[in-house]
Amino acid sequence: MALSWNEIKDRAVAFSKEWEGTFSEDADAKPFLVDFFNVFGLNQRKVAAFEHKVKKLGNSDGYIDMLWKGWLLVEMKSKGKDLTKAYGQAKGYIHGLHKLDIPKYVLVCDFETFRLYDLEETGEDEFIEFQLSEFVNYVELFGFIAGYQKKVYREEDPVNVKAAELMGKLHDRLKEIGYEGHPLEVYLVRLLFCLFAEDTSIFEKQQFEDFIEERTSEDGSDLAAKIQEIFQVLNTPLDKRFKNLDEQLNAFPYVGGKLFQEILPVAHFDSKMRQTLLECCYLDWSKISPAIFGSMFQSVMDPKERRNLGAHYTSEKNILKLIKPLFLDELWAEFESIKTNRAKLNAFHERLSKLKFLDPACGCGNFLVITYRELRLLELAVLSHIYGNDRVVVELKDVALLDVDMMAGIEYEEFPARIAEVAMWLMDHQMNLKMSMEFGQYFARLPLTKSANIVYADALETDWETVVSKKELTHIIGNPPFIGSKIMTQTQRDQIVREFDNIAGCGVLDYVTGWYVKAAKYMHGTTIKTAFVSTNSIVQGEQTSILWGTLLNKFFIKIHFAHRTFKWSNEAKGNAAVYCVIVGFANFDSTKKLLFEYPDIKGEPIEITAKNINPYLVDAKDLFVEKRRKPICNIPEISFGSMPNDGGNFLFTDEEKHKFLEQEPAAEICFRPLLSAHEFLNGHNRWCLWLKDISPSDLKKLNLVSERVEKVKELRSASSRQATKKLADFPTLFGEDRQPDNEFVLIPLHSSENRKYIPMGFFDKNYIANNSCSFIKNSTFYHFGILMSTMHMAWVKTVCGRIKSDYRYSNELVYNNYPWPENPTDKQKESIEKAAQKVLDARAEFPNSSLADLYDPLTMPPVLVKAHNELDKAVDAAYSKQDFSTDAKRMEFLFELYEKYTSGLFAAEKKTKSKKK
C-alpha cells in the first residue's frame with residue numbers, strides 16, 4: 001500500500017536533515033539513493049540497479065549510477081560539479097538503452113542540488129531545480145516512485161510585481177462587475193492564502209491549480225461556484241463533510257481559524273478572469289516571505305500603487321533596528337548564558353511563550369511578522385539545546401510553545417488588517433517547516449486554532465486594553481503614520497489635542513505623537529517597553545518640548561535606546577526618502593542605555609553606551625530648548641528681514657529693473673539690492689524700490705515710481721486685515737522695516753539638508769534683507785565664523801525644525817538658545833576671524849558659482865572645504881580642548897554649556913571670582 005503524502009513528507013524532512021552537510025568529494029551515491037527511495041516507501045534494490053553498464057555513442061562502455069528501467073535514470077556528481085554536463089552525460093547513456101528501458105525522467109544531483117528532467121512532458125532540456133533543504137516542497141514531483149499518478153509541474157516564476165498586477169486585474173474586474181467593499185477584500189485574502197498554501201505544503205503541491213484546471217469550465221462560468229465550494233470545504237472539519245463529497249474537493253485540508261468562516265456573496269468569473277487566476281497559480285508563491293506578503297498585496301487595492309510596491313513596505317532591516325535593542329538582543333544574550341543548563345532553558349522557554357506584543361498601527365503586519373519569526377528562531381535554538389540528540393523522539397506539537405496569538409495589532413483599514421492576520425499564519429507555517437527540518441518530522445498546525453488578534457479600528461479612538469490587557473502585554477512596537485501637523489485633517493488634529501489634554505502648543509504636533517502619549521498612558525505603572533519609528537520632527541524643533549515634556553514630566557517616561565536620524569528609504573519609484581528616528585522607552589529607568597549614531601545618515605550606525613538619553617537623543621541631562629525672545633549669551637540680537645507687503649510692486653528682477661530705468665532713468669537712486677533666501681543661495685539678483693529717505697519733491701518727479709506707490713496704497717487699503725489697512729498711510733515704506741544701519745550677517749531661513757553648512761553672508765547696510773532671511777546686526781567676522789562652523793550646525797540639526805527634511809532656522813529656538821564659547825581669548829577670537837575671512841575669500845575665487853553650487857557636497861571646491869576645516873578647528877578650540885569627533889560629542893558638550901548658561905551658573909561664578917579679587 002502506498003504511503004500517505006503526510007508520511008512521505010515526514011520522511012522527506014528526515015532525509016534532508018540526515019544528509020544535510022554530510023557530503024565530501026568522494027561521497028558514495030549508493031546509500032544516498034537508497035535513502036532517497038526509502039522516502040517513498042520503495043525498496044530500491046527491487047526495482048533499480050546501480051552501475052548499470054551501457055554502450056555509449058562511439059561504442060565505448062559507460063556506467064549509469066542508477067537506472068530504474070522505463071522510469072528513472074540518476075546521474076550523481078560530487079558537490080559543486082556542473083549538472084548541465086552531468087545531464088549531457090546521462091543523455092549519452094540513453095542512446096545505448098533498449099527502447100523499453102528508456103526512462104521517462106532523468107535526475108542529476110550533486111547531493112545538494114537536484115535537477116529533474118521530464119523527457120515526456122516538458123521537453124528534454126527543461127528541468128525543475130531545488131535544493132536538498134527544499135525537498136519536502138517537491139516530493140510530489142516523484143509521486144511515480146510511490147505509485148501515485150504523475151503530475152506535471154512547470155518551472156514557476158518567482159512572485160514579484162507580476163503577482164500584484166495579476167491579483168490587481170482580478171480585483172479590478174470583480175469591482176467592475178459590482179463585487180466590492182468588504183466581500184471583495186475578504187475574497188482576495190482567501191485567494192492569496194490558497195495560492196500560498198499550495199506552494200508551501202499547507203495544500204498538496206498544485207492542488208488548488210489542478211482543481212481549477214480540471215474541474216471548472218474554460219469560459220469561467222462555474223468558477224465562482226467551485227471556489228465557493230473550496231472555501232466551504234476549507235472551513236469544514238473532515239468528519240463533518242458530506243459522505244459523497246467529490247474526492248478531489250475532499251482532499252483539501254480543514255483550515256479553520258475563521259478565515260473561511262464568513263459566508264460571502266457568490267462572485268462571477270469569465271474566461272479572462274479564470275485565465276488570470278490560473279496565471280497566479282503558475283507563480284511560485286513559496287518564494288515570497290510573509291514578511292513582505294502584506295506590503296506587496298496592499299497595493300492590489302490601489303491600481304496606482306501596483307508599480308510602487310515599496311511605498312507601503314517597512315524593510316526588514318529597519319524593523320530589526322527596532323526590535324533588536326528593544327528585546328531581541330537581550331533575549332539572545334540570556335540564551336547564550338544559560339544554554340548548557342536544561343532547567344534554566346526550560347524556564348526561559350516558558351517565559352518566551354508568555355511574551356505579548358502589540359502594534360497599534362500594524363498595517364499589513366510587517367513588524368508583527370518579523371518579530372514572531374525572530375522569536376520562533378530563538379525558540380528553535382532553545383529546543384535544539386534542550387533535546388539535543390533526543391530530538392527525533394520529541395513531538396513538536398507538544399514542545400513548540402510560541403504561537404501567533406502572542407501578537408496583536410490595530411489597523412485603521414480592513415484589507416491590511418486581514419492581510420496581517422493571514423501573514424501571521426503563513427509565517428507560522430514557514431517556521432513550523434523550519435522546525436520540521438531541524439527535528440526530522442513534519443509539523444504543521446492544521447486546522448488553525450489560534451490567530452493573531454488584529455483589530456480593525458482607529459487606534460486613537462480605541463482603548464488598547466480591550467485589544468490586549470496591560471497585565472499580559474510586554475512590548476509595544478510599530479511605525480505609526482507619518483502625517484505632519486500641517487497636513488492633518490481636522491479630525492486628526494482634534495484627536496491629538498484630546499490626547500494631550502489641550503495643553504499649550506499641542507496644535508503644532510505631528511500625528512505620530514498621539515501614539516507616543518497614548519502608549520505612555522497605557523504603560524503607566526507597568527514594565528511594558530515600547531519602541532516606535534517616527535519622523536525626526538519629534539526630537540527637534542518646537543515639538544520636542546511639548547511632546548517629551550508631557551511624557552517625562554507627567555508619565556515619567558525614560559528613553560532606553562534610540563537611533564538618531566537616519567534616512568528611511570525604499571525601492572518605491574518616486575517615493576521620497578523620510579528622515580527617521582527610532583525611540584525605545586518605558587515607565588522605568590534602565591542602567592543600560594544605547595544610542596545609535598549615524599556618521600552617514602544613509603549608512604550603518606555606531607553603537608554608543610549612554611548615561612542618559614534626553615529628548616533630543618543626546619547623551620545629556622533631560623532638558624528642553626524652548627523659544628526665547630533674547631539670546632542666552634552676550635551676543636548681538638537677531639531679527640527677521642524686512643517684509644514689503646507690496647503686492648510685488650516694489651520688487652524687480654535684473655530685466656525688470658533695466659526696462660523700468662529705460663523709461664525713468666532718474667529712479668536709479670531708489671533701487672537697492674534685495675537679499676531674499678532663494679536668490680541669495682542661487683546667485684540671482686533681485687532689486688527693490690527703497691523709498692525710506694526720499695523727499696516728497698523728488699518722489700513727485702518720478703512718475704513711474706509714484707504709480708507703484710499708488711498701487712501699494714490701494715492694495716493695503718483693500719485688505720481685510722486692520723493692521724494692513726493702517727500701512728496704507730505709509731505707502732512708500734516696506735510693510736515691516738527692520739533694515740539694519742550697519743554690517744550684518746545674513747541667514748537664509750530655509751536651506752537644504754544636503755549641505756554640511758547653511759551658507760550665510762556678510763553684508764553692509766546698503767543691501768536690504770528680505771523677510772525670507774534673518775540678520776544679525778552689529779556683527780563681526782567672529783560672529784560670522786561661529787555661525788558658519790560645524791559646532792553651530794550640530795546645534796541647528798538637533799534643535800531647529802524642518803520643512804520636509806530641509807532646515808528651518810529659528811531665531812527664538814536656534815539662535816537665541818545657542819551656547820557660544822564661554823570665555824574665548826582675544827587670540828582665539830582673532831583665529832576665528834581670520835579663518836572666517838578665508839571662507840569668504842575661497843567663495844570669491846568662484847564668482848560665477850552660486851552658494852548652492854559651492855555648498856553642494858558633490859561640487860564644493862577643495863579650497864572652500866579646506867577653509868571650513870580650518871574654521872572648524874578654530875571654533876572647536878574656542879570651546880574646549882577635547883576632541884569633537886561626532887555631532888553627538890558636540891551636542892553632549894553644548895547641552896552641558898546650555899544648562900550652565902540657563903541655570904545662572906555663569907553669573908554665580910563671576911560673582912565668586914569678583915569676591916576673590
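In what follows, every heavy atom counts, from backbone to side chain, and hydrogens, waters and symmetry copies are set aside.
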**Asked** Are any non-hydrogen side-chain atoms of Glu421 and Val189 less than 4.5 angstrom apart?
**Response** no
**Prompt:** Between the side chains of Thr530 and Tyr522, is a donor N or O closer than 3.5 angstrom to an acceptor N or O?
**Reply:** no
**Request:** Anything under 30° is parallel, anything over 60° is perpendicular, the rest tilted; go ahead and classify Tyr616 against Phe895.
**Result:** tilted
**Asked** With no hydrogens and no angle check, is any side-chain donor or acceptor of Asn502 less than 3.5 Å from a backbone partner on Val497?
**Response** no
**Request:** Nearest 0.5 Å please: distance from the CG atom of Leu368 over to the CD1 atom of Ile454.
**Result:** 5.5 Å
**Asked** Do you know the tightest heavy-atom contact between Val618 and Thr798?
**Response** CG2-CG2, 4.4 Å
**Message:** Give me the atom names and distance for the closest heavy-atom approach of Asp510 to Ser485.
**Reply:** OD1-N, 2.9 Å
**Request:** Determine whether the side chains of Ser537 and Thr535 contain a donor N or O and an acceptor N or O closer than 3.5 Å.
**Result:** yes
**Request:** Report yes if the side chains of Leu174 and Met273 come closer than 4.5 Å at any heavy-atom pair, otherwise no.
**Result:** yes
**Request:** Assess the side chains of Arg376 and Asn432: does a donor N or O sit below 3.5 Å from an acceptor N or O?
**Result:** yes
**Request:** Over 60° means perpendicular and under 30° means parallel, so classify the ring planes of Phe260 and Phe231, tilted if in between.
**Result:** tilted
**Request:** Determine the minimum heavy-atom distance between Ile496 and Cys506, stating which atoms define it.
**Result:** CG2-O, 4.0 Å
**Fill in**
Rounding to 0.5 Å, atoms CE (Met424) and OH (Tyr372) come to a distance of 6.0 Å
**Asked** Should the ring pair Tyr598 and His563 be called parallel, tilted or perpendicular, given that the plane angle runs from 0 to 90° and is split at 30 and 60?
**Response** tilted
**Asked** Would you say the side-chain atoms of Gln492 pair up with the backbone N or O of Thr489, donor to acceptor, closer than 3.5 Å?
**Response** yes
**Request:** Report yes or no: does Glu597 contribute a side-chain atom to a donor-acceptor pair with the main-chain N or O of Ile608 at less than 3.5 Å?
**Result:** no
**Fill in**
Nearest heavy-atom approach of Ala457 to Ile410 is O-CG2, 3.6 Å
**Message:** Check this for me, if you would: do Asp501 and Lys554 make a salt bridge, where the nitrogen-to-carboxylate-oxygen distance has to be below 4.0 angstrom?
**Reply:** yes
**Item:** Any Asn453 side-chain heavy atom under 4.5 Å of Val468 side chain
**Value:** no
**Message:** To the closest 0.5 Å, what do you measure between CZ (Arg173) and CD1 (Ile177)?
**Reply:** 6.0 Å
**Message:** With heavy-atom distances below 4.5 Å as the criterion, would you say the side chains of Phe500 and Leu547 are in contact?
**Reply:** yes
**Prompt:** Ala520 and Leu551: which non-hydrogen atoms are nearest, and at how many Å?
**Reply:** CB-CD2, 3.6 Å
**Request:** Check the surroundings of atom CD in Glu330: do more than 12 heavy atoms from other residues, nucleotides or ligands lie under 6.0 Å from it?
**Result:** no
**Asked** Any sub-3.5 Å donor-acceptor pair from Ser590's side-chain atoms to Lys592's backbone N or O?
**Response** yes
**Prompt:** Does NZ in Lys434 sit with more than 12 non-hydrogen atoms of other residues, nucleotides or ligands closer than 6.0 Å?
**Reply:** no
**Asked** Are any of the side-chain nitrogens in Lys558 or Asp622 under 4.0 Å away from the carboxylate oxygens of its partner?
**Response** yes
**Prompt:** Looking only at atom types and distance, does a side-chain atom of Glu379 sit under 3.5 Å from a main-chain N or O of Leu401, one as donor and one as acceptor?
**Reply:** yes
**Message:** Could you measure the distance from the CZ atom of Phe561 to the NZ atom of Lys324? Nearest 0.5 Å is fine.
**Reply:** 11.5 Å
**Asked** Looking only at heavy atoms, which two atoms of Trp548 and Val583 are closest? And how far apart?
**Response** CH2-CG1, 3.7 Å
**Message:** Are more than 12 heavy atoms, taken from residues, nucleotides or ligands other than Tyr254, located less than 6.0 Å from that residue's OH atom?
**Reply:** yes
**Asked** Going through the checks in order, is the salt bridge (Lys or Arg N to Asp or Glu O under 4.0 Å) test met by Glu180 and Lys175?
**Response** CA-CA 5 Å; Glu180 56 189 358; Lys175 191 172 183 179; 5.5 Å; no
**Request:** Return the orientation label for the Phe357 and His475 ring planes: parallel under 30°, perpendicular over 60°, tilted otherwise.
**Result:** parallel
**Request:** Determine, stepwise, if the pair Asp428 / Lys450 fulfils salt bridge (Lys or Arg N to Asp or Glu O under 4.0 Å).
**Result:** CA-CA 11 Å; Asp428 182 61; Lys450 296 181 179 179; over 6 Å; no
**Request:** Ignoring hydrogens and angles, tell me if any N or O in the side chain of Asn587 forms a donor-acceptor pair with the backbone of Ile528 under 3.5 Å.
**Result:** no
**Item:** Separation between NZ of Lys356 and CE of Met406, rounded to the nearest 0.5 Å
**Value:** 8.0 Å
**Prompt:** Is the shortest heavy-atom distance from the side chain of Val255 to the side chain of Pro447 under 4.5 Å?
**Reply:** no
**Message:** Let's go through Lys593 and Ile559 carefully: what are the C-alpha distance in whole Å and the side-chain angles of both, what is the deciding distance for side chain to side chain contact (heavy atoms under 4.5 Å, CB included) to 0.1 Å, and is it a yes or a no?
**Reply:** CA-CA 8 Å; Lys593 296 186 175 74; Ile559 299 176; over 6 Å; no
**Request:** Please report the C-alpha distance between Leu259 and Trp425 in whole Å, then the side-chain angles of each, then the deciding distance to 0.1 Å, and finally whether the side chain to side chain contact (heavy atoms under 4.5 Å, CB included) criterion is met.
**Result:** CA-CA 10 Å; Leu259 176 59; Trp425 279 322; 3.7 Å; yes
**Side chains of Cys580 and Asn318 in contact at under 4.5 Å (non-hydrogen atoms)** = no
**Message:** Between Asp405 (side chain only) and Ser451 (backbone N and O only), is there a donor and an acceptor less than 3.5 Å apart?
**Reply:** no
**Request:** Would you confirm whether Gln228, through its side chain, and Leu264, through its main-chain N or O, come within 3.5 Å as a donor-acceptor pair?
**Result:** yes
**Asked** Is the backbone of Leu509 close enough, under 3.5 Å, to the side chain of Gln543 for a donor and an acceptor to pair up by distance?
**Response** no
**Asked** Does Glu461 CD have over 12 foreign heavy atoms under 6.0 Å away?
**Response** yes
**Prompt:** Leu322 and side chain to side chain contact (heavy atoms under 4.5 Å, CB included): which partner among Ile370, Asn479, Ile582?
**Reply:** Ile582
**Prompt:** Salt bridge check: are Glu334 and Arg351 linked by an N-O gap of less than 4.0 Å?
**Reply:** yes
**Complete:** Value for CH2 (Trp515) from CD1 (Ile538), rounded to nearest 0.5 Å, stands at 13.0 Å
**Request:** Return yes when atom NZ of Lys521 has more than 12 non-hydrogen atoms of other residues, nucleotides or ligands closer than 6.0 Å, and no otherwise.
**Result:** yes
**Message:** If we ignore hydrogens and angles and just use 3.5 Å, is the side chain of Trp464 paired with the main-chain N or O of Ala459 as donor and acceptor?
**Reply:** yes
**Message:** Using the rule given for side chain to side chain contact (heavy atoms under 4.5 Å, CB included), can you reason through His750 versus Arg808, listing the C-alpha separation, both sets of side-chain angles and the distance that settles it, and then say yes or no?
**Reply:** CA-CA 5 Å; His750 303 117; Arg808 183 175 60 190; 3.7 Å; yes
**Message:** Pair Leu331, Phe348 - check side chain to side chain contact (heavy atoms under 4.5 Å, CB included), show working.
**Reply:** CA-CA 9 Å; Leu331 289 176; Phe348 178 68; 4.0 Å; yes
**Asked** Under 4.5 Å between any side-chain heavy atoms of Phe327 and Leu375, yes or no?
**Response** yes
**Request:** Identify whether the distance between the nearest side-chain nitrogen and carboxylate oxygen of Glu262 and Arg190 falls below 4.0 Å.
**Result:** no
